[in-house]
There are 2 protein chains.
Amino acid sequence: MGLGIKKRTIVERLTAESSMNSGGVVRNLADLFNRRIESPSIRRILLAAVDSFSKTGFHAASTRDIARKAKLSPAAVYVHFHSKEELLYTVVTLMSEWVFDQVSAAARERGRPAERLRRVVQVHVASHAAMRTAMFVSNFEFHSLNAAQRKKILRYRDAIEKLFEDCIRAGCEDGSFHAADIGITKVAVVSLCVSVLNWFSPGGRLSPEQVGDYYADLVLSMLRADPT
Amino acid sequence: MGLGIKKRTIVERLTAESSMNSGGVVRNLADLFNRRIESPSIRRILLAAVDSFSKTGFHAASTRDIARKAKLSPAAVYVHFHSKEELLYTVVTLMSEWVFDQVSAAARERGRPAERLRRVVQVHVASHAAMRTAMFVSNFEFHSLNAAQRKKILRYRDAIEKLFEDCIRAGCEDGSFHAADIGITKVAVVSLCVSVLNWFSPGGRLSPEQVGDYYADLVLSMLRADPT
DNA sequence: GTCTCCGCTAAGCGTTTGCTTATCGAAGCG
DNA sequence: CGCTTCGATAAGCAAACGCTTAGCGGAGAC
């Protein structure tokens with residue numbers, strides 16, 4: 001067999017189990033990692049990485065700190081991951097895949113454009129709010145990935161944007177929506193959804209689902225065609 | 001005079017010159033720094049810091065790198081600044097003050113709520129787009145400041161949010177706007193404006209002012225009262 | 001001429017960083 | 001038993017980090 005070939009990455013060995021085919025919704029980050037990653041040590045490392053990255057940012061977080069939180073020696077992290085960068089890439093990949101699964105499931109259900117866009121916005125916002133910490137890392141430490149990694153993650157982001165665009169375009173074509181520029185409107189709507197990360201608080205007045213509903217109302221009134 | 005007292009910070013020595021009282025609008029970041037900072041060396045350091053912080057984030061940026069970009073020795077930075085953290089704090093303060101000046105000037109002009117909110121949104125978005133790099137640092141490296149510094153910067157942010165809230169509340173009271181929850185609506189609108197940082201590109205199809213106009217349209221149709 | 005100030009630099013201190021090396025012990029297997 | 005595999009560790013390396021120290025050189029004051 002191939003010598004000199006470096007070991008496979010965690011991302012390449014992820015359990016191919018999505019929220020679709022395995023009983024019930026994902027409840028939280030630990031639950032999501034349980035479904036996708038077999039080794040308990042690797043799960044602990046990734047949970048610790050999310051915690052460290054979210055608190056201090058990728059570059060300020062030390063691998064020693066992550067190892068300590070995972071109750072392992074500093075070197076044990078490198079038994080499972082090639083580098084600190086791969087830690088971040090694994091986290092971002094897991095979260096990007098999950099959000100894409102959530103939103104595309106919402107977009108698959110039939111309905112009028114307004115109904116479909118409502119579901120897509122609601123799920124997108126609620127997902128970001130519910131997994132606030134990990135989605136924060138996935139979004140705001142994205143630029144610390146290398147070019148090849150960024151390119152792979154961008155595929156998920158582009159696919160999600162496409163789902164939004166399809167709903168908006170369908171509504172414009174059947175006259176229920178008005179948008180002067182679909183491209184700008186699309187990025188404005190998506191970035192509005194993501195920006196819930198900047199203020200949402202788990203212990204706050206509203207649940208993730210309630211915030212999602214509210215944002216869906218905002219987006220629909222933003223897009224509804226003039227009754228004139 | 002007081003011995004043992006550490007030297008004053010750059011922020012404490014800023015020129016008290018706002019865009020109001022000194023001829024014309026600020027054209028770009030260098031122009032803004034020229035108006036507020038006397039020493040050319042300090043201006044070069046701050047411009048270099050903005051560049052480094054925006055490219056790699058606060059923690060990954062090295063003071064040696066910043067010094068090299070400013071054409072100074074590494075130690076020269078510490079002649080003017082106590083620490084790397086003070087570099088960030090100075091940048092964030094300058095940008096936060098500037099944005100607050102811009103938005104509050106827009107809010108001061110009289111008009112119906114819809115007209116005032118349109119101006120406020122337009123200026124807020126256009127300011128972020130026009131100073132994209134520095135505003136990016138100001139917003140996304142905010143968490144690297146210490147608690148006391150964050151508290152001071154939050155005063156500007158809260159004041160800006162208040163300006164938005166006043167417009168929205170006035171529109172709800174005179175019946176021209178509809179908002180089920182003014183608090184959530186306010187943070188959604190403000191974070192929508194800020195999120196232009198995530199996609200705006202200086203060389204793109206639209207100018208900062210055009211994007212501001214488009215966002216103002218979006219926000220107004222989001223808030224306008226139902227004609228039913 | 002001498003003294004003081006001030007912006008600036010060369011050199012380097014102490015610490016922390018990401019990551020490697022050599023090794024261990026338990027488990028699986030013929 | 002002998003051998004391999006594998007998760008994990010103790011120890012440490014080379015590099016980079018933020019920041020300090022001691023001192024230089026030109027300008028202004030008297």
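Order of the sequence lines fixes the chain letters, A, B, ..., with proteins taken first and strands second; residue numbering starts at 1 for each chain.
Atom CG in A:N146 sits about 17 Å away from atom P in C:dG18, given to the nearest Å. The distance between atom CD1 of A:I42 and atom P of D:dG7, rounded to the nearest whole Å, is 8 Å.
No side-chain donor-acceptor contact under 3.5 Å links A:R64 to the backbone of A:P74.
Both B:P74 and A:S41 lie close to DNA chain D; mapped to their nearest nucleotides by heavy-atom distance, the more 5′-ward contact belongs to A:S41.
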Taking only distance into account, with no hydrogens and no angle test, what donor-acceptor pairs under 3.5 Å do side-chain atoms of residues 145-152 of chain B form with protein atoms, sequence neighbours excluded?
{"unit_1": "B:N146", "atom_1": "OD1", "unit_2": "B:A148", "atom_2": "N", "d": "3.1"}
{"unit_1": "B:N146", "atom_1": "OD1", "unit_2": "B:Q149", "atom_2": "N", "d": "2.8"}
{"unit_1": "B:N146", "atom_1": "ND2", "unit_2": "B:E85", "atom_2": "OE1", "d": "3.3"}
{"unit_1": "B:N146", "atom_1": "ND2", "unit_2": "B:Q149", "atom_2": "OE1", "d": "3.4"}
{"unit_1": "B:Q149", "atom_1": "OE1", "unit_2": "B:N146", "atom_2": "N", "d": "3.1"}
{"unit_1": "B:R150", "atom_1": "NH1", "unit_2": "B:H143", "atom_2": "O", "d": "3.4"}
{"unit_1": "B:R150", "atom_1": "NH1", "unit_2": "B:L145", "atom_2": "O", "d": "2.7"}

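Listed nucleotides C:dT9, C:dG7, D:dT9 differ in distance to A:V79; the shortest reach to its side chain belongs to D:dT9. Out of C:dC8, D:dG7, C:dC19, the shortest distance to the side chain of A:H80 is found at D:dG7. The nucleotide whose nearest atom lies closest to any side-chain atom of A:Y78 is, among C:dT9, C:dT20, D:dG7, C:dT20.
Heavy atoms of A:S83 sit under 4.0 angstrom from primed sugar atoms or phosphate atoms, though from no base atom.
Note: A:H124 and A:F164 meet the aromatic proximity criterion, with ring centroids under 6.0 Å apart.
For the 3.5 Å distance criterion, the side chains of B:S83 and B:Y78 fail to qualify, holding no donor opposite an acceptor. A:E97 and A:Y156 share a side-chain donor-acceptor pair at under 3.5 Å.
Listed by first and then second residue, the side-chain hydrogen bond (donor to acceptor under 3.5 Å, both in side chains) pairs that reach into residues 44-53 of chain B are B:D51-B:K55, B:D51-B:K69, B:S52-B:K69, sequence neighbours excluded.
A heavy-atom distance below 4.0 Å to DNA chain C is reached by these residues of residues 43-73 of chain A, ordered by number: A:A61, A:S62, A:T63, A:R64.
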